Amino acid sequence: MDVDDGSAMPTDDPLAQSTRRALGALAAGPEPSWDAVVAGVRRIRRIRFAVAGAVVAAIVLAFAASVQAAGGRPRSVRVESPEATTSTSAPENASTTTLPPTTTTTPLHRSNTTVWNPLVVNGPTSSVPPGSTTTTTVFEPLHPNATNLAATLDSVDDTNMTVGQTTKLRGTITNIAGEPVTTQDYFATIAGCGLPGTTIMNQGYLATQVLQPGETISYAVDFTPGPDNVGTDYCTIGFSSQLPEIAAPTGPGPNVIAVTVNPATSTT
Amino acid sequence: MGGGSEARAAVLADVFSEHAKTLAGALASAGYPDASDAVQEAFVQAVVHWKSVGRYDDPVQWIRRVAVNRARNRRRGRSRQRALAARIAAQPERVTAPPDIDDELGHALAELPEQQRLACALFYFADLPVAQVADAMAISVGAVKYHLHAARASLAAALGVPNGR
């Protein structure tokens, strides 16, 4: 289609002049306006600012939502030393909750590091538009221990019992950690009674609950003494590690309530 | 228009007053609807992108090319709108009435193919050199000459005058 024969295009012959006149007649129309250009530039800049603002707002909202979903700060789970050790330690918050010494055996299969532990578990439910998918990432709550939970034993319904009789131990548990804590997991919260020098087994397992930071719950667990409990038992609440047991108190003290267990009367 | 851009706006305002009217007239005579809007849009883009456009050897050429492209887009958009409206209304397509043309040459120009008419408008109405017409139309110089030769031949035939060269 290229034609370049080197000849100059006629610009002033009669046909060119007529063409100019005809084109001039066809050129009628509104003249472009510089004010319209200025207005157009302003409009584009407004749109750009609005888009930039929307992007920034979306980023801020997404960040806020992620922080809120993570419970205010990144969640971590601290696990114990890989070396199996046995130690006896007293609870830290003795001013509000004094618990008896607890024998703690750390597991062999956990590393001594703080690890991110994201789990996709039962997250909050919400309506999801058809065709879309959502994934709720929830971090595993902390395991129960004296650092995360403050537990009290406030009362025992019946402190003079007979073997086979059932009473209730009542108290409260408060989350003193900055993030959710479960009452039962690899470690356990145990309320129960036992003779001094014995261990309180899983007779007093509390129901599994996840406490939000600052949340306090009341508990009531059953205690049904057996023949091995005859005598003066000491009831308390504590936290186990690995084995589902805590040491029975050796005597009276805070969060310790004595219960007299009498032998069952023989009918023979 | 913004603090730091006042100098650029002043430069472009001068360019606008010098070229915009002629360019809009050329596009209108080439049969493009809303030619003034197309030229204004081209200048808006020039202001917005002046940091780059201002470094070109001939920013006006860039503006001309953008204006031509905008005018073409607007014409295509209008054609689509008319076709859609005609389909929706199940009515024959209505064509916007062309401006009043009071002579045979005007009718002959209106009948020219788009490229030939645009080449004529830019060359004869805007008085642009062939090279700048080629740049504005994004085609080669030879192609511009081809379109101009063909247009002149058609116009000469319509008028019954010799295509004097």
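Chain letters run A, B, ... following the sequence lines, proteins first and then strands; every chain starts at 1. Here the structure is a predicted model, which means the values were calculated and not measured.
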Checklist entry - Checking heavy atoms, do the side chain of Glu41(B), its backbone, both or neither come under 4.5 Å from chain A? => result neither
Next on the checklist: Is the shortest side-chain heavy-atom distance between Asp135(B) and Arg65(B) below 4.5 Å?
Outcome noted: yes
Checklist entry - chain B: which of Gly40(A), Gly24(A), Ala16(A) shares the most heavy-atom pairs with it under 4.5 Å? => result Ala16(A)
Checklist entry - Is it the backbone or the side chain of Arg48(A) that comes under 4.5 Å from a heavy atom of chain B, or both, or neither? => result side chain
Checklist entry - Does Tyr32(B) have Arg75(B) sitting over its ring (NZ/CZ under 6.0 Å from centre, angle to axis within 45°)? => result yes
Item to check | Interchain contact, Ala24(B) with chain A, by part (heavy-atom threshold 4.5 Å) | outcome: side chain
Checklist entry - With the threshold set at 4.0 Å, does a side-chain nitrogen-carboxylate oxygen contact exist between Asp127(B) and Arg20(A)? => result yes
Checklist entry - Checking heavy atoms, do the side chain of Leu23(A), its backbone, both or neither come under 4.5 Å from chain B? => result both
Checklist entry - Can you say whether Leu12(B) sits under 4.5 Å from chain A via the side chain, the backbone, both, or neither, judging by heavy atoms? => result both
Checklist entry - Just wondering, do Pro180(A) and Leu211(A) contact through their side chains at under 4.5 Å, heavy atoms? => result no
Item to check | chain B interface, residue from Pro32(A), Ala27(A), Ala22(A) that has the most non-hydrogen pairs under 4.5 Å | outcome: Pro32(A)
Checklist entry - Is the closest side-chain donor-acceptor distance between Asn175(A) and Gln212(A) under 3.5 Å? => result no
Checklist entry - Between Phe125(B), Phe16(B), Phe43(B), which has the largest tally of heavy atom pairs under 4.5 Å with chain A? => result Phe16(B)
Next on the checklist: Counting only heavy atoms from other residues, nucleotides and ligands, does the tally under 6.0 Å from CD of Glu111(B) exceed 12?
Outcome noted: no
Next on the checklist: Only pairs of heavy atoms separated by less than 4.5 Å count here; which of Leu109(B), Leu148(B), Val39(B) has the most with chain A?
Outcome noted: Leu109(B)
Next on the checklist: Whether the side chain of Asn255(A) engages the backbone of Leu153(A) through a donor-acceptor N/O pair (distance < 3.5 Å, no angle test) should be reported.
Outcome noted: yes
Checklist outcome for this item: With chain B, the option among Ala39(A), Pro14(A), Ser33(A) that has the most non-hydrogen atom pairs under 4.5 Å is Ser33(A)
